[in-house]
Enquirer: 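Input: one structure, supplied below.
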Amino acid sequence: QLVESGGGLVQPGGSLRLSCAASGFTLDYYAIGWFRQAPGKEREEVSCISGSDGKPYYLDSVKGRFTISRDNAKNTVYLQMNNLKPEDTAVYYCAAGQGTVQDMCLIMYDYWGQGTQVTVSS
């Protein structure tokens with residue numbers, strides 16, 4: 001099971017840190033992805049991190065603002081989101097699976113969280 005937390009309402013330019021905690025299995029060797037889906041839009045993968053070497057990938061629109069990291073001791077993956085914009089508003093999901101990170105996330109996801117709402121508005 002994956003559980004996301006850390007979402008909320010923030011003003012443009014603000015920051016949030018999302019957490020994705022696993023229970024029932026160890027995240028150590030799983031690749032993790034963060035997705036988002038805004039109303040009326042398709043789901044998009046904003047970031048992922050490999051399980052083997054920690055290599056990250058970021059969607060162009062979040063590069064330089066979002067940082068993905070993992071703390072295997074806490075069995076948790078984070079998505080630090082800075083300089084948030086209204087267009088970042090969405091439900092954010094994490095997922096765990098097997099695969100690699102190259103110029104994109106080449107991951108088959110086995111586990112999904114329930115999502116956490118992020119709203120960026122003044």
Enquirer: For the atom pair CG (Leu9) and OG1 (Thr119), what is the distance rounded to the nearest 0.5 Å?
Expert: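 Atom-to-atom, Leu9:CG and Thr119:OG1 are 6.0 Å apart.
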Enquirer: Does the side chain of Cys94 come within less than 4.5 Å of Val77's, by heavy atoms?
Expert: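 SC-SC contact between Val77 and Cys94 ruled out.
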Enquirer: Taking the side chain as everything from C-beta on, heavy atoms only, tell me whether Ile49 gets closer than 4.5 Å to Val101.
Expert: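 No, too far: nothing below the 4.5 Å cut-off.
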Enquirer: If you compare all heavy atoms of Cys48 against all heavy atoms of Ile107, which two are closest, and at what distance to 0.1 Å?
Expert: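 Shortest heavy-atom separation between Cys48 and Ile107 comes out as CB-CD1, 3.9 Å.
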Enquirer: Determine, stepwise, if the pair Leu79 / Val46 fulfils side chain to side chain contact (heavy atoms under 4.5 Å, CB included).
Expert: CA-CA 10 Å; Leu79 185 68; Val46 297; 4.3 Å; yes
Enquirer: What are the two closest non-hydrogen atoms of Ala90 and Ala38, and how far apart are they?
Expert: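 Minimum heavy-atom contact is CB-N, 3.8 Å.
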Enquirer: Ignoring hydrogens and geometry, is there a side-chain-to-backbone donor-acceptor pair from Arg70 to Ser50 under 3.5 Å?
Expert: yes
Enquirer: Do Arg65 and Met81 make a side-chain contact, defined as non-hydrogen atoms from C-beta onward lying under 4.5 Å apart?
Expert: no
Enquirer: Look at atom NZ of Lys55 and say whether more than 12 heavy atoms of other residues, nucleotides or ligands are closer to it than 6.0 Å.
Expert: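 Counting neighbours around NZ of Lys55, more than 12 heavy atoms of other residues, nucleotides or ligands fall under 6.0 Å, so yes.
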Enquirer: Would you please test Asp88 and Lys85 for salt bridge (charged side-chain N to carboxylate O under 4.0 Å, His left out) and show each step?
Expert: CA-CA 5 Å; Asp88 295 318; Lys85 304 176 180 181; over 6 Å; no
Enquirer: Taking the six-membered ring for Trp, are Tyr109 and Phe35 closer than 6.0 Å centroid to centroid?
Expert: yes
Enquirer: Please check if atom CZ in Phe25 has more than 12 non-hydrogen atoms from other residues, nucleotides or ligands closer than 6.0 Å.
Expert: yes
Enquirer: With sequence neighbours left out, which residue pairs that include part of residues 5-19 fulfil the side chain to side chain donor-acceptor pair (under 3.5 Å) condition?
Expert: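 For residues 5-19, and leaving out neighbouring residues, the side chain to side chain donor-acceptor pair (under 3.5 Å) pairs sorted by first residue read Ser15-Asn82.
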Enquirer: Return the CG to CH2 distance between Leu18 and Trp34, rounded to the nearest 0.5 Å.
Expert: 4.5 Å
Enquirer: State, to 0.1 Å, how close Gly7 and Val118 come at their nearest heavy-atom pair, and which atoms those are.
Expert: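 What the structure gives for the nearest pair is CA-CG2, 4.1 Å.
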Enquirer: Ignoring hydrogens, what is the shortest heavy-atom contact between Asp103 and Tyr57? Give both atom names and the distance.
Expert: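 Distance-wise, the nearest heavy atoms are O-CE1, 3.3 Å.
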Enquirer: So do the side chains of Glu87 and Val120 get within less than 4.5 Å of each other, counting heavy atoms only?
Expert: no
Enquirer: So how far is it from Leu16 CG to Gln80 CD, rounded to the nearest 0.5 Å?
Expert: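 Reported value, rounded in 0.5 Å steps: 8.5 Å.
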Enquirer: For the residue pair Leu59 and Arg36, what are the closest heavy atoms and their distance?
Expert: CD2-NH2, 4.3 Å
Enquirer: Rounded to the nearest 0.5 Å, how far apart are OG of Ser47 and OH of Tyr92?
Expert: 11.0 Å
Enquirer: Checking Glu4 side chain against Gln114 main chain: does a donor-acceptor pair fall under 3.5 Å?
Expert: yes
Enquirer: Do Tyr58 and Tyr78 belong together in a cluster built from hydrophobic side chains that touch within less than 4.5 Å?
Expert: no
Enquirer: Looking at every heavy atom in both Ala96 and Leu27, which two are closest together, and how far apart are they?
Expert: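 In this case the closest contact between Ala96 and Leu27 is CB-CD2, 4.1 Å.
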Enquirer: I'd like to check Gln98 versus Tyr30 (side-chain heavy atoms, cut-off strictly below 4.5 Å). Are they in contact?
Expert: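 The answer is yes, as the side chains (C-beta and beyond) meet within the 4.5 Å cut-off.
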Enquirer: Given 3.5 Å as the limit, does a donor-acceptor pair link the side chain of Asn75 with the main chain of Ala22, or not?
Expert: yes
